[in-house]
Protein chains: 2
Amino acid sequence: MTEQGPAETNYSPSRYRTPDGAPADIVMFTITSTARKTAMKSLPERRLEVLLIQRKSWPFAGRWALPGGFSKESETLLESAKRELEEETGVGDVHIEYFSAYSTPGRDPRGWIISHAFVALVHEQYLAERRAADDAADVRLFPVDEALRMELAFDHREIIADALEQIRRKMMTTTIAKEFLPEEFTIGELYQVIQAVVPSFAESNFIRKITSTRSRQGIIEEVKDRDGEPKLSNRYSQRAAQLYRFTDYAPALSIYG
Amino acid sequence: MTEQGPAETNYSPSRYRTPDGAPADIVMFTITSTARKTAMKSLPERRLEVLLIQRKSWPFAGRWALPGGFSKESETLLESAKRELEEETGVGDVHIEYFSAYSTPGRDPRGWIISHAFVALVHEQYLAERRAADDAADVRLFPVDEALRMELAFDHREIIADALEQIRRKMMTTTIAKEFLPEEFTIGELYQVIQAVVPSFAESNFIRKITSTRSRQGIIEEVKDRDGEPKLSNRYSQRAAQLYRFTDYAPALSIYG
DNA sequence: TTAATAGTGTCTATAAGACAGTATAGA
DNA sequence: TCTATACTGTCTTATAGACACTATTAA
């Protein structure tokens, strides 16, 4: 081959300009439930929200930004992201996954800083205490559409848009819905969670499809009580609904049949 | 919140340890065709191969490694990966996408170096001249299973394994097969390409499925000549086969019906 | 005539999709 | 009795899957 990069020649760190930092930024989604004021029990309104922090200092002081911070040499990026998130939300056992890197020159006025974006999915209940304490403070949940219309710090608007696209795809093709649901849930809840993330989702016969056909291959299964009787819930309706849970089965999708 | 990271306080780069480099490493896959020696025209054997480079210097001198090199402050990681790959293969118009980051402490003896892995998919024909010139040199294609059994530099074995898993999933769920095929191809070729990447793929009625059902929603379409007559090919068989091309249609897969 | 690929015919079982109807129980 | 959710019945059409059969033509 022609000239090789530094990796193929004698290496001396001081000869090269090196990055000024490798932060992890976390797009933390949750789905909030708000009770509707109806005559009787009803399903709540569910809305996809994203956690933002108001910056205190340069650059972008005053602007809202994604939580995150610089990673350390002694940790992986994933460990770094988990640490930062725990510092922000006080919650450790969240679903968190690497997602993409952002490296456009000039994206951070502090220098050459490549940001590593993570997506975290959190049960609303884990944030409950935090919200009470910090409401109207410098850490808040915003509805996703609202966040996407805001002037955020850095390229965080683009990061959120990419993260949203990714979880929309994953919501339809994997079982990440479980990250937003209790262990046992009703079909109505599952349907709502899918719709909160993918508004265009509409399946007239949803219960029929999920409880026959593919479900025979076991994405979800009915919950039974100790006597082997179907376990029901009437949280949301007069008529009790069957409770389900996700199994470990992950269907392999294919466009080729 | 509790204590904020550097991003939320006054920033002074010199106060923090910074990374020693952000290289892009490229897992470049291609599918090679080898004619079988049969009595007549027949489909070639197709094999998934990955491009490796033999390192000349410390660290891991003599070991085979992924092509790549340190990114520069003035370019995005994608631009960096494209540049490195072009230097290696002489080809510019390849399909290349970001894939993951590798950050385990100690993964690179030269220091704190977070590697950005890309997957590139290349038509075999683009490599044809290169191979003739460089055969038995320090840049070679290896069958993927062989590469995964080798002692490679850094954590490149793990990177290749992850990349393989990713393109296997994408081969089944997207139309990346087109990156390994000519503009116009036969069903037999498509089937072979899928199998080269996903050996477990087996569809007895493949032609039937792809030309009815989902194909009515248009993943591929028949190629016609100027007179509107079906365009055929007899590259691989006595009986001429219909040529197809991919459309722009990307099916939306779902586990929920 | 055969080899090697490229299809088609036909049948059956399963799934998708629509849509009207029934079930439940607290307010 | 009404309301809001949770289903079930029934019909039609589409798709999946198996597998035997026909088609093509240079060597």
Side-chain angles (χ1 to χ4, degrees), chain A residues 33-46 184-193 195 201-220 222-223 230-244 251-257, chain B residues 33-46 172 184-193 195 201-220 222-223 229-244 251-257:
Chain A
S33 302
T34 320
R36 288 181 299 154
K37 44 194 179 316
T38 56
M40 29 182 72
K41 282 183 195 174
S42 64
L43 287 162
E45 276 205 29
R46 288 177 203 262
E184 303 175 353
F185 54 86
T186 66
I187 300 294
E189 285 180 288
L190 173 58
Y191 192 76
Q192 277 201 317
V193 163
Q195 276 204 323
F201 180 75
E203 284 291 338
S204 48
N205 268 340
F206 186 60
I207 190 176
R208 165 129 319 152
K209 278 187 205 159
I210 198 91
T211 58
S212 63
T213 65
R214 281 191 228 275
S215 174
R216 282 197 202 127
Q217 295 151 27
I219 296 169
I220 60 172
E222 296 186 3
V223 181
K231 196 169 166 192
L232 307 176
S233 156
N234 59 347
R235 258 175 294 189
Y236 303 121
S237 64
Q238 313 303 358
R239 174 167 177 179
Q242 175 66 49
L243 285 169
Y244 291 84
L253 295 172
S254 167
I255 63 173
Y256 295 117
Chain B
S33 302
T34 321
R36 288 181 299 154
K37 45 198 178 316
T38 55
M40 28 180 74
K41 282 184 194 174
S42 65
L43 286 162
E45 275 205 27
R46 289 177 203 261
M172 300 313 298
E184 302 175 355
F185 53 87
T186 67
I187 300 294
E189 284 180 288
L190 173 57
Y191 192 77
Q192 276 201 317
V193 163
Q195 276 203 323
F201 180 75
E203 285 290 337
S204 47
N205 268 341
F206 186 61
I207 189 176
R208 163 130 320 153
K209 278 187 205 159
I210 198 90
T211 57
S212 63
T213 65
R214 283 191 228 276
S215 174
R216 281 194 204 133
Q217 294 151 27
I219 296 170
I220 61 171
E222 296 185 3
V223 180
E229 292 302 299
K231 197 168 166 191
L232 307 176
S233 156
N234 59 346
R235 259 176 293 191
Y236 304 121
S237 64
Q238 315 302 359
R239 175 170 176 178
Q242 175 65 50
L243 286 169
Y244 291 84
L253 295 172
S254 168
I255 62 172
Y256 296 118

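The basis for the numbers below is simple: all heavy atoms, side chains too, and nothing from hydrogens, waters or symmetry mates. Here is the naming used below: chain letters follow the sequence lines, and residue numbers restart at 1 for every chain.
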For atom CZ of A/Arg235 and atom P of C/dG26, their distance in whole Å = 17 Å

inquiry  = Base, sugar-phosphate or nothing for B/Arg36? Non-hydrogen atoms, less than 4.0 Å.
reply    = sugar-phosphate

inquiry  = The criterion is ring pair (Phe, Tyr, Trp, His ring centres under 6.0 Å); which residues satisfy it with B/Phe201, sequence neighbours excluded?
reply    = B/Tyr191, B/Phe206

inquiry  = Could you tell me how far apart A/Ile187 (CD1) and D/dT8 (C1') are, to the nearest whole angstrom?
reply    = 15 Å

key: Distance-minimising heavy-atom pair for A/Ser33 and A/Arg46   = OG-NH1, 3.5 Å

ask   = Rounded to whole angstroms, how far apart are CD on A/Gln242 and P on C/dT24?
value = 15 Å

query = Within this structure, what is the CD1-to-P distance between A/Ile210 and C/dA15, rounded to whole angstrom?
reply = 14 Å

task = Can you tell me the distance, in whole Å, between the CD1 atom of B/Ile207 and the C1' atom of D/dA23?
result = 12 Å

query = Atom OH of A/Tyr244 to atom C1' of D/dC7: distance rounded to whole Å?
reply = 9 Å

inquiry  = Heavy atoms from C-beta onward define the side chain here; which of C/dT5, D/dT5, C/dG26 lies closest to that of B/Ser237?
reply    = C/dT5

query = Side-chain contact, heavy-atom cut-off 4.5 Å: B/Phe185 with B/Ser233?
reply = no

Nearest listed nucleotide, side chain of B/Ser204, among D/dC7, D/dA26, D/dA18 = D/dA18

key: Nearest-nucleotide comparison on DNA chain C, the residue closer to the 5′ end among B/Leu43 and B/Asn205   = B/Leu43

task = Among C/dA3, C/dA27, D/dT8, find the nucleotide with the atom closest to the side chain of A/Met40.
result = C/dA27

request  = State, yes or no, whether a side-chain contact exists between B/Gln242 and B/Ile207 at a heavy-atom distance under 4.5 Å.
outcome  = no

message = Nearest to the A/Arg208 side chain among C/dA27, D/dT10, D/dT25, which nucleotide is it?
response = D/dT10

key: A/Lys209 side chain near C/dG17 phosphate (N/O to OP1/OP2, under 4.0 Å)   = yes

inquiry  = Let me spell it out: for each of B/Lys41 and B/Arg239, pick the nucleotide of DNA chain D with the closest heavy atom. Which residue's pick is nearer the 5' end?
reply    = B/Arg239

inquiry  = If the condition is side chain to side chain contact (heavy atoms under 4.5 Å, CB included), which residues does A/Ser42 pass it with, not counting sequence neighbours?
reply    = A/Arg36, A/Thr38

task = For B/Tyr236 and D/dA27, give me the distance from atom OH to atom P, rounded to whole Å.
result = 17 Å

key: Options C/dG7, D/dT25, C/dG26, nucleotide nearest the side-chain atoms of B/Ala241   = C/dG7

key: d(CD, B/Gln238; C1', D/dT25) in whole Å   = 5 Å

